[in-house]
Structure formats: C-alpha cells, structure tokens
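All remarks here apply to the structure that follows.
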Amino acid sequence: MTAAGVPTPGWRAWVLLAPLLAWVGIFVVAPAALLLVYSFCDRDELGRVVFDFSTASYARVLDPIYVGIFARSLGYAAATTVLCLVIGFPVAWWIARTPAPARGRWLLLVMVPFWTSFLVRTYAWIMILKQEGLLNAVLRSLAPGTPPLELLYTPTAVMIGLVYAYLPFMILPIYGSAEKLDGSLLEAAHDLGAGPLRVFSSVIIPLTLPGIAAGALLVFVPSIAMFAITDLMGGAKVPLLGNVIQNQFLQARDWPFGAALGVVFMALFALSYWILVRFQDRGQEGQR
Amino acid sequence: MSANVGLRGVTKRFGAFEAVSDVSLEVTAGEFLTLLGPSGCGKTTLLRLISGFEQPTSGTVWLGDTEVTHLPPYRRPVNQVFQSYALFPHLTVAGNIRFGLRMQGVGDTEARRRVAEAIELVSLAGLEGRHPHQLSGGQRQRVALARALVCRPQVLLLDEPLSALDAKLRLQMQLELKRLQRQLGLTFVFVTHDQEEALTMSDRIAIVNRGRIEQLGTPHEVYHRPATPFAASFVGETNLLTGEITGGDGDLLRVRLEGGLEISLRADRWPAGERRALVLIRPEKVHVNPRPAALPGAFEARIEEEIFKGATDHLVLATRAGTRLRAVVANESAHGDILHAGDTVHASLHADDIVVLPA
C-alpha cells in the first residue's frame with residue numbers, strides 16, 4: 001500500500017497525531033497493560049498486589065463456579081442481543097421506510113432516553129416492576145383479584161433491564177443500513193418472483209447485515225460486562241461477569257483475580273469483534 | 001395475432017389525482033410498443049399497472065387470456081427493467097441474473113445453462129463474477145436486461161432504461177434492444193419521454209398525455225398523421241397555426257393562416273362543416289428556394305433567424321403578410337447557396353403534407 005500514492009507521514013503528521021496517541025496510550029493501552037500485569041501477580045493477606053509471576057488467578061478462572069458465571073454472562077448477553085434484534089429490526093426498518101419528516105421524529109424518540117441518566121432510568125424500571133409498582137397497579141385495575149406479578153429481582157427483570165438499556169444501540173445501526181437500501185431493489189425482487197418472505201431473506205437481510213452486525217456488537221459486548229442492572233434489578237441474585245469483576249476489585253480485594261477475569265473478558269471481546277467484523281466486511285463488499 | 005397485454009377501461013387514482021383515466025390498450029404478442037409522453041403523464045403508472053406494483057382503481061388488466069388485475073407482481077409472468085437498473089449490490093453479475101430463476105425454483109443445471117445463455121445474449125461474457133459497483137453504466141444496463149430476460153417473461157417491461165446512458169451509448173443500446181426483441185420474438189412495452197427513441201425502436205407508439213392515450217399508431221402514422229395537437233407537437237417539431245377557409249376550388253381549399261398567408265390544401269382533410277381549424281406543417285415540409293420557383297403556392301418570405309446544426313439549417317421564416325413558419329433544410333453542399341438571416345427566399349408547401357385538426 002505504501003508504494004503507490006500513500007506518502008509516509010512526516011514529522012508534522014506525528015505532531016498532529018500526538019494528542020490522539022497520548023490519549024490512546026494513557027487511557028487504553030496503559031490500563032490494559034496494567035490489567036495484564038496484575039493478572040499474573042499474587043496478593044498478600046491484606047489484599048495488596050505482590051509482584052511475582054503466577055498463573056494462579058488464571059487457574060481460578062477455570063473453576064467451575066466462574067466458568068458457570070462466564071457461561072451465564074454469555075447466555076444473558078446472547079439473549080439480550082437476540083431480543084434486541086427481534087424487537088429492534090422491525091422498528092428500525094419501519095422508521096427507515098417512513099417518509100422524511102415523520103422519520104426524524106421517530107428517530108428522535110429512539111434517542112430521547114439518552115438525555116437522562118442511565119441509573120435514573122433503571123430506577124424508573126424498578127418503580128414499574130416492583131410489587132406495588134405501576135405494572136401491577138394497571139393489572140389490578142384491569143383484572144381485580146389477580147395476584148400481583150413478582151418481577152423485580154428475578155432473571156426476567158434483568159432481561160427487561162438489559163434489553164431496554166441496549167435496544168437503541170441495535171436500532172440505530174440497523175436504521176442506518178435500512179435507510180440506505182434502495183426501495184427499487186425490493187420491487188426488483190418482487191418482480192423477479194420473490195414473495196415477501198423471499199424478499200426478506202434474500203435482499204433485506206443481506207443488505208442490512210452490516211447494520212445488524214454493528215448492532216449485535218454494540219449490544220453483545222457491553223451487556224456481558226453490565227453490573228448495574230443485575231445489581232439493581234436482579235437484586236444481586238444472578239451475578240454476571242461484570243458483578244464478579246467489580247466484586248474482586250472492590251469487595252474481595254483480589255485484584256490479580258479480577259484482572260485475570262478482565263483479561264479473559266477482553267479476549268472474548270476481541271474474538272467476537274473479529275467474527276462480527278468479518279461478517280460486516282462481507283456485507284459491505286456488496287454495498288459499495 | 002393474439003393480444004398479449006390488455007388494459008380494459010383502467011383508471012388509477014392517487015388520492016384526488018387521476019394518474020390514468022379510463023385507458024384501454026391491447027398489446028399484440030411479439031410487438032414493441034412504446035408508451036411515449038412527458039414526465040407525469042401517467043406512462044410509468046401504466047407500466048406499473050401491468051407489472052403489478054399498482055392496482056387499478058377500476059378496470060381490468062389482462063395477460064393473454066388471464067385476468068391479473070389483483071395478482072401480486074411476483075405471481076405475474078412479466079419482468080421489468082428498472083430505470084435505475086435496481087441491481088442487487090450484494091450479488092455478482094451471475095448472481096443477479098440467476099435471482100429470478102432461484103425464486104422460480106429452476107434446477108441447478110438448467111439455471112446455470114440459462115444464465116450462461118443470457119450472459120452470451122447481452123455480451124457480458126467474462127464479467128460474471130463482478131459486482132454491480134465494478135461495472136460501467138452500459139454494462140449494468142445489460143445485466144438488468146439479462147436478469148429480466150432469463151426468466152422468459154411473457155412481456156418485458158422497460159421503464160426509461162436508457163435515460164442514464166450517454167447519447168452515443170443510448171443510440172447503440174436502442175438498436176441492440178430492437179435486435180434482441182426481434183430475435184427473441186418477445187413482447188416489449190417500453191416507457192420513454194424521448195420521441196426519437198420511440199420512433200427508432202417501436203412497432204407502435206402510444207402517445208400518453210394527462211393519463212390518457214392520445215394516439216396509438218406506427219411511428220409513421222404518429223409522425224405524419226398526428227391525431228391531436230399534443231401528438232403533433234410532442235413527436236417532432238411542428239408549425240401549429242389556426243386557419244380559416246377563404247375559398248375553394250374543386251378538391252382544393254383556399255385557407256388563410258394566422259398572420260395572413262394563404263395556402264391551398266386538400267378539401268377532404270378539412271373537418272366537415274367547420275370554417276376554422278388547426279393547420280399542422282412539419283418544418284422539413286417547408287421547401288425553401290433562394291431563387292423564385294415556379295411552383296404552385298410558392299410565396300416570398302424573409303429569414304428572421306438561422307441556426308446552423310450541421311446536417312440541417314433551422315430557419316424561422318416570416319411572410320410578407322406576417323405569418324411565421326419554422327423550416328428545416330438540408331445542407332446539401334458547402335459551396336451551394338448559403339442562407340442568412342435577413343435574406344429573402346421563396347418557400348412552397350405541398351398540399352399533401354399539410355395535416356388539419358379540428359380547432
């Protein structure tokens with residue numbers, strides 16, 4: 001690539017890049033390196049990090065308890081991704097196919113939740129789901145005498161919280177792909193004998209795949225590490241990876257183990273990112 | 001010959017707007033029929049009624065002996081070449097062409113053979129593995145054509161497929177389309193706003209204006225015997241003048257045109273019982289001579305404007321009395337008589353070349 005047309009950057013380019021490089025170095029590379037170093041360390045009885053080489057923390061990661069938590073976290077993240085996709089795709093598609101002025105308004109509604117704090121919104125869900133909450137009040141007025149639903153502090157509540165929190169991150173990238181999709185392609189597919197289902201599977205899905213992949217990545221990765229929702233809405237009854245890591249650093253004071261969990265998580269993240277980017281590349285090849 | 005496409009009493013309204021008003025049209029099998037009209041005249045709506053993307057508000061649509069009025073597009077044995085080509089960007093050339101066969105469930109070997117055939121037909125050999133974004137406009141056009149033809153439609157619908165091509169390529173594609181249509185014996189329904197395109201390719205032209213078909217006929221009929229002032233002015237250039245009978249003499253009538261020029265024309269062309277009518281004279285039918293000519297009905301005129309267009313000279317003539325006529329003359333020789341604005345010339349008209357329409 002450097003041979004033709006792409007000049008080697010001169011010193012001015014490095015000066016211009018310096019702030020960005022410093023930012024990446026200080027806030028991305030250094031903490032990750034620190035995490036990696038800690039993960040191979042030991043700790044003393046007081047919880048201080050002792051700098052000698054040990055793989056004990058990684059051995060503990062393989063403990064069935066933690067493997068179970070990893071698996072559960074992946075399961076919750078996968079379920080969140082699938083639910084966000086199932087709910088988000090039709091919404092994104094519908095918004096993208098809405099005529100211009102109304103489209104902007106619907107898009108704005110998708111983004112309105114970002115205007116308030118995430119924690120405030122999570123507490124709002126608690127108010128809705130709790131036993132004397134809004135949902136049960138509505139149910140009681142519709143069907144008096146039914147026993148109230150026990151939703152809060154259950155896995156269902158955690159799923160509701162996760163899907164709610166990450167839905168916009170699925171809708172927006174899919175919207176981006178769907179909005180670019182030329183309507184005459186759908187007509188061409190119909191014209192060539194494709195019924196509605198075939199149009200969906202052979203034209204709409206392949207052409208919105210970049211958006212789906214981006215959305216899946218944006219939902220899947222952060223929902224593995226989410227701990228606030230599991231704490232607040234799950235009542236800390238279903239610990240996920242994020243909760244365990246948070247505990248190791250703040251309560252158990254076992255930084256090397258927390259770091260090892262973090263490194264494994266980063267590796268998982270890198271893997272899923274790699275898979276999805278490959279997906280995306282294949283989709284984009286056709287979009288150009 | 002059997003009718004292949006039939007629109008019977010079709011009206012299509014979008015809200016309060018009537019895009020198509022009570023149109024009846026039969027397209028003969030194996031015919032190249034062009035729907036010609038300005039943008040917004042309803043020609044594309046007519047095409048979409050045949051392809052099934054629109055349903056008529058009233059009336060019926062027929063393919064052969066089958067009524068298809070309410071059949072969705074994917075159940076109609078009709079294929080369309082879209083104005084923007086609408087090629088699938090995620091599929092290769094071969095994948096695009098194969099799409100329709102896949103949807104019809106055509107077997108693998110059969111599909112491969114037909115795709116190869118179609119690629120051969122439109123001269124795209126060697127480009128099978130490319131994606132649409134790697135093709136030129138003309139090549140995309142061919143892919144769109146092959147993709148529709150490979151399905152062996154009963155009728156091929158073409159929605160201004162050449163409008164995105166440059167002039168030279170467009171001319172080449174016009175001839176190629178016509179050749180394909182003859183070779184395959186297929187029925188083509190072609191939509192365009194370009195009268196030259198329509199004249200070049202069509203067996204018959206339907207001139208569409210304000211949701212109605214103003215005239216349906218061969219290119220010759222449409223050009224030489226326009227049925228309405230709109231048809232006359234949309235296909236080719238024309239001098240459109242009001243005329244009034246001043247006298248008669250056997251088969252010929254004396255008619256005074258607006259501005260005062262008196263001409264003779266055939267009495268049987270004049271609408272019976274009318275004193276006034278519209279007189280249509282094609283500019284190339286105005287014969288211009290630098291020297292006085294001993295022709296019946298010759299008159300003197302001054303050249304007001306002269307526009308040199310290479311093969312032809314376009315003139316605006318004004319007669320003594322004040323009638324203005326456009327004329328087109330061939331440039332026969334660079335050394336011959338050169339016409340200039342301000343010159344006085346002698347013009348004549350042939351009674352046979354003049355078309356008269358009720359005012």
Kindly check if the number of other-residue, nucleotide or ligand heavy atoms within 6.0 Å of CH2 (A:Trp106) is above 12? no

For atom CZ of B:Arg179, decide whether the heavy atoms of other residues, nucleotides or ligands shown that lie under 6.0 angstrom number more than 12. yes

Going by heavy atoms in the side chains, are A:Val203 and B:Phe99 under 4.5 Å from each other? yes

Do B:Phe53 and A:Asp191 touch side chain to side chain, with heavy atoms closer than 4.5 Å? yes

Contact check, side chains of B:Ser51 and A:Glu187, non-hydrogen atoms, under 4.5 Å: no

Does any part of the side chain of A:Leu192, heavy atoms only, come nearer than 4.5 Å to the side chain of B:Phe88, both counted from C-beta? yes

Need one label for B:Leu101: side chain, backbone, both or neither, based on atoms under 4.5 Å from any heavy atom in chain A. neither

Residues, nucleotides or ligands: over 12 heavy atoms within 6.0 Å of A:Arg97 CZ: yes

Need one label for B:Arg75: side chain, backbone, both or neither, based on atoms under 4.5 Å from any heavy atom in chain A. neither

Under a 4.5 Å heavy-atom cutoff, which of B:Gly100, B:Ala144, B:Pro77, B:Pro153 has the most pairs with chain A? B:Gly100

For the OH atom on A:Tyr273, are there more than 12 heavy atoms of other groups (residues, nucleotides or ligands in this structure) within a distance under 6.0 Å? no

B:Glu67, CD: over 12 other non-hydrogen atoms inside 6.0 angstrom: yes

Testing the basics here: between B:Met103 and A:Ser202, what is the closest heavy-atom pair and its distance to 0.1 Å? CE-OG, 3.4 Å

Heavy-atom count around A:Leu20 CG within 6.0 Å, excluding the residue itself: above 12? yes

Write down the atom of A:Pro196, the atom of B:Tyr74, and the distance for their closest heavy-atom approach. CD-OH, 3.4 Å

Of the non-hydrogen atoms in B:Pro89 and A:Leu207, which two are nearest, and what is the gap between them? CG-CD2, 3.5 Å

